[in-house]
Number of protein chains: 2
Amino acid sequence: MITVDMRDRKPIYEQLIDNIRTLAVGGHLSPDEHLPSVRQLAAELAINPNTIQKAYAELERQGVIYSLPGRGNFISPDIGAIAAAERRKQTELLRASMQAAKNGGVTEKDALTLLREIYGDE
Amino acid sequence: MITVDMRDRKPIYEQLIDNIRTLAVGGHLSPDEHLPSVRQLAAELAINPNTIQKAYAELERQGVIYSLPGRGNFISPDIGAIAAAERRKQTELLRASMQAAKNGGVTEKDALTLLREIYGDE
DNA sequence: TAACTGTACTGTTCGTTATAGTACGGTTAT
DNA sequence: ATAACCGTACTATAACGAACAGTACAGTTA
């Protein structure tokens, strides 16, 4: 489900970009799946159509979706490359976060415990 | 050294807050150490004194520094509690980052490798 | 043809950040 | 005491990005 949080400091259009890309990479949105129209999604989320348009345009630039004028916006058929890019991006963010945590006094042991907690220990 | 990156999306006063708190918690600034005056630091970094003042005010609110009107701003003598708070904060940020990484397709194995890389394997 | 769709504009509002300038009282060394 | 610092508190303004409002036009489809 596509959602936005008005209280979040992150701009709405960026939330939409990350949200949809995460859904696409996670398989919750299938290749060639028809996304809500600009006006429909704007109505559902009670935000301006221009904001949706801005997010869709950036997602197309990133190759996550493609648009057929007059028809709509669709999830890109080749999710593989997108998933790889997402993985690289998240890896770099994680690296930065780990470095900050280390500088902030978080021990390797605690970080390891956290990692096990997130990934489960089955 | 206190620095500022004008190209960063993060506001200058927030950079200063994080920067100084990191230096304090990391022991690079000693308890009761005299910080640069508002006007002096503003001149050094070529930014407005009001921006420094805003950062100092927030740091005092957080208990990282204390101010003596007419004398200056000083690092708080009890860094212990501040370090603990910093550790908690960084732990939560790391947790969120790990969760995002997992959702983004980063494997536990890769995350573990990254962790070892950051903390060193001696 | 009517009702959708994406797209492209212009213009406006709003909040945050940062700046500029001024002012006042406390501290310190000369 | 007086000058030169210091923190602090204002007001006003400029700049920027985000979001909104409104309009318009061309492609698609039932």
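Nothing here was measured: the structure is a model prediction, and the numbers come from that model. Here is the naming used below: chain letters follow the sequence lines, and residue numbers restart at 1 for every chain.
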*Report yes if a side-chain nitrogen or oxygen of Thr51(B) is closer than 4.0 Å to either non-bridging phosphate oxygen (OP1 or OP2) of dA18(C); otherwise report no.*
no
*Side chain of Arg71(A) (C-beta onward), nearest among dG6(C), dT28(D), dT8(D)*: dT28(D)
*Is it true that Asp110(A) and Arg87(B) have a side-chain N and a carboxylate O under 4.0 angstrom from each other?*
no
*Ignoring backbone atoms, test whether Asn73(A) places a side-chain nitrogen or oxygen under 4.0 Å from the OP1 or OP2 oxygen of dG6(C).*
yes
_I need the single residue from Lys10(B), Arg61(B), Glu58(B) that forms a side chain to side chain contact (heavy atoms under 4.5 Å, CB included) with Ile17(B). Which is it?_
Glu58(B)
*Measure the distance from CD1 on Ile52(B) to C1' on dA20(C) and round it to the nearest whole Å.*
15 Å
*Check the distance between dA9(D)'s C1' and Asn48(B)'s CG and give it to me in whole angstrom.*
14 Å
*Counting only side-chain N and O atoms of Ser67(B), is one of them less than 4.0 Å from OP1 or OP2 of dC6(D)?*
no
*Where each residue is assigned the nucleotide of DNA chain C containing its nearest heavy atom, which of Arg9(A) and Gln53(A) is assigned the position nearer the 5′ end?*
Gln53(A)
*salt bridge (Lys or Arg N to Asp or Glu O under 4.0 Å) between Glu108(A) and Arg116(B): does it pass, once the steps are laid out?*
CA-CA 8 Å; Glu108(A) 180 173 14; Arg116(B) 292 266 143 73; 3.6 Å; yes
*Of the nucleotides dT17(C), dC6(D), dG6(C), which one has an atom closest to the side chain of Glu14(B)?*
dT17(C)
*Provide, to the nearest angstrom, the distance between the CG atom belonging to Leu41(A) and the P atom belonging to dC4(C).*
17 Å
*Could you tell me whether the phosphate oxygens of dA19(D), OP1 or OP2, come under 4.0 Å of any side-chain nitrogen or oxygen in Tyr13(A)?*
no
_Separation of dC6(D) P from Ile65(B) CD1 (nearest whole Å)_ = 15 Å
*Find the distance Arg39(B):CZ to dG26(C):P and express it as a whole number of Å.*
15 Å
*What is the distance from CD of Glu58(B) to P of dT8(D), rounded to the nearest Å?*
13 Å
_Among Asn73(A), Ile12(A), Leu41(A), side chain to side chain contact (heavy atoms under 4.5 Å, CB included) partner for Ile52(A)_ = Leu41(A)
*What is the distance, rounded to the nearest whole Å, between atom CD of Gln40(A) and atom P of dA3(C)?*
17 Å
_Distance test, side-chain N/O of Asn50(A) to OP1/OP2 of dA21(D), below 4.0 Å_ = no
_Please compare Pro36(A) and Pro11(B) by the position of their nearest nucleotide in DNA chain C and report the one closer to 5'._
Pro36(A)
*State which of dA18(C), dT19(C), dA24(D) makes the closest approach to the side chain of Ile12(B).*
dA18(C)
*Integer-rounded Å distance: dT7(C) C1' and Glu60(A) CD*: 11 Å
*Closer than 4.0 Å, any side-chain N/O of Lys54(B) to the OP1 or OP2 of dT17(C)?*
yes
*Heavy atoms of other groups near His34(A) NE2, more than 12 under 6.0 Å*: yes
*Ile47(A), nearest nucleotide to its side chain (from dA19(D), dC20(D), dT8(D))*: dC20(D)
